[in-house]
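Letters go in sequence order (proteins before strands), and every chain restarts at 1.
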Amino acid sequence: MDAIHVENLTKTYKGGVKALQGVSFNVKQGEIFGLLGPNGAGKSTTVRILSTLSQADGGRATVAGHDVTSDAAGVRRSIGYVAQATGVDRWATGRENLTLQAQMLRVSTSTIRARVGEMLDWVNLNEAADKLVNTYSGGMKRRLEIAMGLVHQPKVLFLDEPTTGLDPETRLALWRDLERLRAERDVTVLLTTHYLEEADALCDRLSIVDHGRVVIEGTPSALKADIAGDTVTIDIGDAGVRAGEILGGVNGVLEVIPAGALVTVRVRDGATAVPLVAAALGQAHIAVHTMTLGRASLDDVYLKYTGHHYDAGFATATGGKR
Amino acid sequence: MILFFADVWHLWLRHMRATIRLPIWIAVTLIQPVIWLTLFGQLFRRVVELPGFETTTYIQFLTPGVLIMTAMFGGAWSGMGLIDDLHHNVVDRMLATPVHRAAVIAARVLHAAFTVVVQSFIVLALALALGAGWPSVGGTIGVLVAAALVTAGFSAMSTGVALLARREETMIAVINFFGLPLAFLSATFMSAQLIPQWMQSVSKANPVNWAVSAARHAVLGTDTSAVWINSALLLVFTLLMVMFATASFRVYRRST
């Protein structure tokens with residue numbers, strides 16, 4: 001059975017903002033599954049519904065075999081939930097935070113001490129265990145939160161934007177922790193992120209979410225392989241639409257995707273296409289500000305399926321991120 | 001049910017630890033009643049000379065009043081910690097666990113009531129030092145029950161406001177608006193018989209006044225039935241406020 005099964009979830013917030021407009025996906029046991037999308041796309045709303053913090057208006061979802069509506073208690077026992085903004089008690093120590101979390105998660109009293117010690121060890125917080133969390137660095141807090149999400153050995157762990165607000169070094173360290181999590185613990189992870197590289201590096205499979213809909217689902221490599229050839233990205237200011245017509249006729253061009261000032265041109269072979277593209281634009285007296293050649297990335301996947309470039313800060317007028 | 005009490009106990013311990021780790025809170029707790037008792041005690045020292053006053057010294061009269069006022073504010077401010085928890089996602093993190101929903105509120109209310117009971121002992125000790133004497137065993141229990149109930153009621157109200165408003169500013173405005181007027185629309189500082197008629201009428205519907213009446217009659221040992229009646233009214237008030245807090249919690253959970 002799938003660890004997470006999501007079928008056609010819809011959710012409209014008060015004020016008419018449609019956060020989810022029919023989200024469906026399945027996560028297999030033991031997988032790290034990513035929900036990738038910009039702020040306001042509906043990722044956090046999905047995770048909040050799956051962790052019973054929020055109610056969907058329509059659709060159905062099960063987590064570890066428990067229905068999120070009819071068996072919320074069953075879901076809560078089976079999941080760890082790590083939210084995008086801390087969630088730890090700053091005025092308690094790491095050990096106290098973990099102990100209380102274990103108590104609330106119904107870990108049997110006789111095993112709590114040992115389990116808390118083991119978790120502190122696992123996230124390498126032994127030395128700081130009895131210091132107030134208020135004195136922890138951002139990375140330490142995040143490691144403590146992950147330990148709190150795992151203290152009851154859940155079947156499913158939700159990580160909602162785990163690296164948002166972390167400095168690059170801490171982010172990389174967290175990636176290594178998540179790799180270790182995959183290797184050492186039998187837990188299914190649902191991770192949301194608005195970083196393309198993060199989804200690429202960590203996820204076994206992912207869904208790209210945009211405006212409350214899943215636009216495409218697959219493994220990062222399959223999604224990228226799906227995009228044939230190379231990508232030429234050209235910045236031509238306001239001549240974008242005209243350039244589309246001109247470039248469509250150039251030999252070796254597979255597809256032209258105008259998106260504002262940036263025109264993305266998918267070509268069979270970058271090295272031979274670039275001079276031809278440049279020449280065609282020159283003949284049409286279109287000034288080229290920049291032209292870059294690259295291999296297909298998740299950004300190209302994103303562009304292909306949503307029709308606009310990936311911009312992590314892009315937000316619809318939702319407040320869907322909370 | 002056992003799990004509910006376990007949850008309340010564990011969450012209560014969390015609040016207690018946080019309180020004990022705030023030396024400034026403990027300092028203020030000790031000093032504030034001293035200020036109230038000495039300041040008001042000196043300011044209004046001679047009002048006992050007015051005919052119709054129940055006691056011979058004002059400090060004796062004032063002690064239950066200050067005790068209840070401290071209790072009321074202790075309860076009223078307790079929602080601030082919840083707002084902090086809401087902002088730091090602590091509440092959401094808890095709600096994603098099987099923890100009893102009611103325990104999250106109950107632990108906070110009981111923590112406020114417990115700290116006020118401790119404070120009350122301090123106030124009584126101070127009053128003893130200032131010459132007010134120590135009430136009888138029954139009187140002590142009566143005054144502590146009244147203080148605990150009024151705290152629990154205002155703490156639950158504060159919790160409800162915190163869950164609905166979710167902003168410190170709103171909370172501060174509400175408490176500033178209601179706090180002192182509720183204290184002054186009661187027999188906290190002035191004998192009930194000497195309060196203007198309209199204020200007496202208003203004070204009959206004021207939970208702070210119920211608590212002050214219960215506490216004063218308990219301390220002075222003047223009217224046992226008044227202690228019981230006012231405590232019963234306070235209990236009803238507290239239960240209503242707990243219902244309000246529970247409903248607010250439901251509103252909060254629905255709104256996300």
Taking atom [atom1] of [X] as the centre, report whether more than 12 heavy atoms of other residues, nucleotides or ligands fall under 6.0 Å from it.
X         : atom1 : result
Phe4(B)   : CZ    : yes
Trp9(B)   : CH2   : no
Glu169(B) : CD    : yes
Phe244(B) : CZ    : yes
Arg113(A) : CZ    : no

Can you tell me which portion of [X] sits under 4.5 Å from chain B's heavy atoms? Options are side chain, backbone, both or neither.
X         : answer
Leu100(A) : side chain
Arg77(A)  : both
Leu132(A) : side chain

- Query: Are any of the side-chain nitrogens in Glu96(A) or Arg14(B) under 4.0 Å away from the carboxylate oxygens of its partner?
  - Reply: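 No.
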Straight-line distance of [X] [atom1] to [Y] [atom2], nearest 0.5 Å:
X         : Y        : atom1 : atom2 : result
Met94(B)  : Tyr81(A) : CE    : OH    : 13.5 Å
Glu145(A) : Asn89(B) : CD    : CG    : 9.0 Å
Thr97(B)  : Ile79(A) : OG1   : CD1   : 9.0 Å
Arg21(B)  : Thr93(A) : CZ    : OG1   : 6.0 Å
His88(B)  : Arg90(A) : NE2   : CZ    : 3.5 Å

- Message: Please find the pair of heavy atoms, one from Leu53(A) and one from Asp92(B), that lie closest to each other, and give the distance.
- Response: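 Leu53(A) and Asp92(B) have their closest heavy atoms at CD2-O, 3.4 Å.
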- Heavy-atom check, side chain of Gln55(A) versus side chain of Arg254(B), under 4.5 Å: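 Heavy-atom side-chain distance check fails, nothing below 4.5 Å.
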- Item | Validation row: Arg76(A), Leu95(B) side chains within 4.5 angstrom (heavy atoms) |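 SC-SC contact between Arg76(A) and Leu95(B) ruled out.
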- Item | Side chains of Gln101(A) and Arg93(B), donor plus acceptor under 3.5 Å |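 Yes, because at least one side-chain N or O of Gln101(A) sits under 3.5 Å from a partner of the opposite role on Arg93(B).
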- Message: At a 4.5 Å cut-off on heavy atoms, which part of His100(B) comes close to chain A: side chain, backbone, both, or neither?
- Response: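 Looking at His100(B), backbone and side chain both touch chain A.
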- Heavy-atom pairs under 4.5 Å with chain B, option from Gly149(A), Ala73(A), Ser54(A) with the top count: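 The answer is Ser54(A).
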- Message: Just so I understand: if I count every heavy-atom pair under 4.5 Å between each of Arg106(A), Lys14(A), Met148(A), His152(A) and chain B, which residue has the most?
- Response: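 Highest number of heavy-atom pairs under 4.5 Å: Arg106(A).
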